[in-house]
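Naming convention: chains lettered A, B, ... in sequence-line order (proteins, then strands); numbering from 1 in each chain. Since the model is a prediction, treat every value here as computed from it, not as a measurement. Just so you know, these numbers use all the heavy atoms, side chains as well, and skip hydrogens, waters and symmetry mates.
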Amino acid sequence: MNPNHDLLTHINRAERTDIWEFRTTVTGDPRERIEQIKHVTGTWLAVKDNPQASPTLCALAVSALLKNSGYNPILTVNCRDCNRIALQSRLLGAMSLGITAILIESGIHPASGDDPHAKSVYDIDTVQLAGIAVGMSRRHQLLCGNTIDRATTLRVGVRLSPFKGNMQLQESMLRKYRDTPADFFVLETNDDMARFKKWYDSVYCKLCLSQIPIFICNSAGVKPEDNAIASQKGVAGWYYR
Amino acid sequence: MIVATLKPIDEILEKASSYRRILVLGCGTCATISDWGGMKAVRQISEMLRMARSDRMQTHDLKEFVVQRQCEPAFLDPLLNEIRSIDAILSLACGVGVQILSERFPDITVLPAADTHFIGTISNSNVYREYCRGCGDCDILQTGGVCLVARCPKASLNGPCGGEDEFGMCEVDPKERCVWIQIAERLTVSRREGFLDKIVTPKDWSRSRSGRTMRIPDDGITDESES
């Protein structure tokens with residue numbers, strides 16, 4: 001595998017591109033975990049950022065280890081744990097380490113996680129963070145206006161939950177991410193492929209999103225080869241938990 | 001109103017146990033609306049203190065009083081007579097009231113009897129909701145009069161966070177609907193749905209730092225010197 005791959009280039013060239021979620025434990029040596037996945041090839045690895053609002057090994061450090069081991073990491077960044085200064089610092093760190101893709105999440109609230117006494121930050125939200133990341137990558141500029149001397153390309157992804165709550169609001173979020181513009185979507189579908197198909201036809205195509213590739217969350221072990229969904233235009237592949 | 005709740009009675013009794021002469025002081029505004037700051041509550045707390053001390057064979061000297069607002073120094077003048085020969089004041093008020101009492105009477109210990117939570121209102125019996133966080137940069141016109149800073153646990157200014165369930169109930173409090181759904185409903189009713197598609201830029205939090213002192217110029221009401 002080529003660790004210098006660009007995600008969008010990979011998507012354009014490959015028949016299908018998949019993302020696997022990569023989690024570390026607090027105590028384990030991440031190198032052992034990396035050794036365990038040596039059979040995994042041709043995929044991208046999304047490194048979780050303190051999942052369940054519980055501290056784990058720094059996602060940026062793990063992403064760097066993966067990169068150095070020949071894998072293509074996607075750095076997950078949440079809005080819960082850091083303010084805009086620290087988040088931009090992390091993105092600068094990712095750029096300097098040659099990490100080329102990030103996945104933005106709001107982050108599960110501490111009240112619902114493993115450390116409910118923690119204070120949450122939420123200085124900026126996911127749309128704003130996506131806009132900042134795009135600005136850093138494409139305009140070489142920080143939010144405060146300072147210029148970045150050595151900016152590299154970051155592919156900015158966001159996690160979507162289009163079937164939750166109010167559909168009008170979900171469409172509005174999609175438009176905002178489209179206009180940011182985000183580079184890829186990771187879609188929570190609750191493994192409801194019939195609903196996904198309906199959403200794909202009525203919303204995704206209507207909003208002219210077909211240029212933005214989608215990864216469909218697959219938590220139920222749906223076999224891609226059994227499902228024609230993965231071959232829909234715009235669907236890059238699966239996101240495995 | 002400032003929403004606060006009385007601390008557990010055991011904690012209040014424990015804190016008060018080191019003092020013999022105590023003024024139990026109610027507050028006639030927010031705390032009274034919450035039903036634990038008026039004279040009725042002052043008498044109930046006093047009675048519990050008496051009972052606890054009787055059980056321990058301790059002597060006691062309790063006074064009872066209610067001022068209209070503990071948070072305003074001018075309202076504390078009637079206390080000047082009450083605080084003579086007092087070891088401590090048990091304050092049935094918010095954290096502002098406790099601090100103003102401490103500033104006004106620095107030689108007397110002020111015991112907080114309540115935990116202060118937020119600026120909000122009573123929705124119905126025993127349900128209090130936060131409505132304002134005092135961020136100093138109010139923009140609720142855009143959101144149909146709903147404050148996202150105070151009412152969304154993630155202060156998600158551009159839309160729902162994705163943590164809500166299929167029915168739109170909040171990730172943090174599943175008994176509450178996502179506040180964004182309320183916003184969408186209000187904007188739809190008032191035909192201002194356009195806001196939903198407007199990208200909101202990062203908020204200026206500089207006006208909501210802790211330890212703020214706001215100085216209003218003598219010749220106007222604008223705030224130009226907040227620090």
For the candidates [options], which exhibits the highest count of non-hydrogen atom pairs separated by less than 4.5 Å from chain A?
{"options": "B:Ala155, B:Gly162, B:Pro202", "answer": "B:Pro202"}
{"options": "B:Gly163, B:Pro160, B:Gly159", "answer": "B:Pro160"}
{"options": "B:Thr201, B:Asp173, B:Asn158", "answer": "B:Asn158"}

Q) Side chains of B:Lys154 and A:Ser106: is there a donor and an acceptor less than 3.5 Å apart? A) yes

Q. With no hydrogens and no angle check, do the side chains of A:Arg178 and A:Gln211 hold a donor and an acceptor under 3.5 Å apart?
A. no

If you count heavy-atom pairs under 4.5 Å between each of [options] and chain B, which one has the most?
{"options": "A:Thr126, A:Leu160, A:Ile108", "result": "A:Ile108"}
{"options": "A:Asp125, A:Leu129, A:Ile132", "result": "A:Asp125"}
{"options": "A:Arg175, A:Glu171, A:Gln168, A:Lys164", "result": "A:Lys164"}

Q. So which heavy atom on B:Met1 is nearest to which on B:Ser34, and how close?
A. CE-OG, 3.1 Å

Check whether [X] gets within reach of chain B through its side chain, its backbone, both or neither, counting any heavy atom under 4.5 Å.
{"X": "A:Asp123", "answer": "both"}
{"X": "A:Leu143", "answer": "side chain"}
{"X": "A:Ser112", "answer": "side chain"}
{"X": "A:Ser161", "answer": "side chain"}

Q. Any sub-3.5 Å donor-acceptor pair from A:Lys119's side-chain atoms to A:Pro110's backbone N or O?
A. no

Q: Please answer whether the main-chain N or O of A:Ala86 pairs with a side-chain N or O of A:Asn83 as donor and acceptor at a distance below 3.5 Å.
A: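 Such a contact is found between A:Asn83 side chain and A:Ala86 backbone.
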
**Q.** Step-by-step salt bridge (Lys or Arg N to Asp or Glu O under 4.0 Å) determination, A:Glu105 to A:Arg80
**A.** CA-CA 9 Å; A:Glu105 301 177 334; A:Arg80 175 197 60 221; over 6 Å; no

Q) Does NZ or CZ of B:Arg129 fall inside the cone over B:Phe118's six-membered ring, less than 6.0 Å from its centre and within 45° of the axis? A) no

Q. Considering only heavy atoms, which portion of B:Cys161 lies under 4.5 Å from any heavy atom of chain A: side chain, backbone, both, or neither?
A.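 When you check distances to chain A, atoms from both the backbone and side chain of B:Cys161 fall under 4.5 Å.
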
